[in-house]
Amino acid sequence: RLPTRKASTLAQRPFTQEEYKRLLANADYPWREAIQIAWWTGMRKKDVFQLRWSEIKGDMIRKLPAKTARFRREVLIPIHPELQTILNAIKRKGEFVLTCSKNDYDRGFNELLKKTGITEDKSGTVNFNCLRNSFISRCDAAGIPRHAIRGIVGHVSDSQTDLYSHDETSARLIQSLPC
């Protein structure tokens with residue numbers, strides 16, 4: 001607990017597909033692109049906005065995430081074809097994929113959440129990092145092995161990745177058990 005932060009008992013929740021579409025429909029540059037990059041990679045906000053063109057190698061992103069840089073643990077993120085289309089459409093204006101000031105990316109997302117009416121609910125709070133929860137949950141639901149997800153997002157253990165996953169698909173397999 002930090003004295004300057006309001007305490008919350010709610011965990012972060014993933015965005016639904018419908019909420020993702022609402023965010024995109026209401027977002028302008030650079031938020032539209034940042035949301036899409038996070039949706040398809042699970043990267044944190046700082047890493048999305050500090051993504052360099054030189055870190056994109058063919059169909060992979062090779063990045064040293066800011067949060068884990070002290071451990072020198074680089075991640076290798078496959079680029080989904082839809083993300084490749086998005087990246088190809090961004091005009092190159094320097095070394096960074098998204099060009100904006102730190103002030104722009106510090107405050108803009110909360111304004112977008114208010115504009116779209118996306119708020120916390122009983123399942124959790126919402127912020128940019130929820131795109132990371134969404135990515136991990138979607139990967140789990142698609143049956144991607146946990147060790148692969150863990151490597152992409154830079155986690156050390158499955159228990160760390162468990163905090164982000166809200167996969168209902170695997171849990172629903174119980175409903176298909178024989179009588």
Report whether [X] and [Y] are members of the same hydrophobic cluster (ILVMFWY, side-chain heavy atoms less than 4.5 Å apart, transitive linking).
X	Y	answer
Leu76	Ile149	no
Ile144	Ile79	yes
Tyr29	Val97	yes
Ile90	Met60	no

Give a yes or no on whether the backbone of [Y] and the side-chain of [X] come within a donor-acceptor separation of less than 3.5 Å.
X	Y	result
Arg44	Pro65	no
Asn26	Leu112	no
Arg52	Phe96	no
Tyr20	Ile35	no

Does any non-hydrogen side-chain atom of [Y] lie less than 4.5 Å from one of [X]?
X	Y	result
His155	Ile136	yes
Trp40	Gln84	no
Val126	Arg13	yes
Val48	Leu131	no
Asp140	Arg146	yes
Phe135	Ile152	yes
Arg150	His147	yes
Leu24	Gln36	yes

Nearest heavy-atom pair of Gln50 and Lys63: which atoms, and what distance?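 Closest heavy-atom pair between Gln50 and Lys63: O-NZ, 3.4 Å.
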Separation between [atom1] of [X] and [atom2] of [Y], rounded to the nearest 0.5 Å:
X	Y	atom1	atom2	answer
Asn110	Ile118	CG	CD1	12.0 Å
Lys93	Thr99	NZ	OG1	5.0 Å
Ile86	His80	CD1	NE2	9.5 Å
Leu51	Ile77	CG	CD1	8.0 Å
Arg73	Lys67	CZ	NZ	11.0 Å
Asp47	Ile61	CG	CD1	10.5 Å

Tell me, with the steps shown, if Leu23 and Phe109 meet side-chain contact (heavy atoms from CB on, under 4.5 Å). CA-CA 10 Å; Leu23 286 169; Phe109 194 73; 4.2 Å; yes
Worked verdict on Trp39 versus Gln17 for side-chain contact (heavy atoms from CB on, under 4.5 Å): CA-CA 10 Å; Trp39 180 261; Gln17 184 80 28; 3.6 Å; yes
Can Glu18 and Arg22 be counted as an ion pair, charged N to O under 4.0 angstrom?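 Looking at Glu18 and Arg22, the cut-off is met.
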Would you check, one step at a time, whether the test side-chain contact (heavy atoms from CB on, under 4.5 Å) holds for Val75 with Val153? CA-CA 7 Å; Val75 295; Val153 296; over 6 Å; no
Parallel, tilted or perpendicular for Phe49 and Trp31, by the 30°/60° rule?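 It falls in the perpendicular class, over 60°.
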One pair to check against side-chain contact (heavy atoms from CB on, under 4.5 Å): Lys21 and Thr16. What are the steps and the verdict? CA-CA 9 Å; Lys21 288 178 182 177; Thr16 65; over 6 Å; no
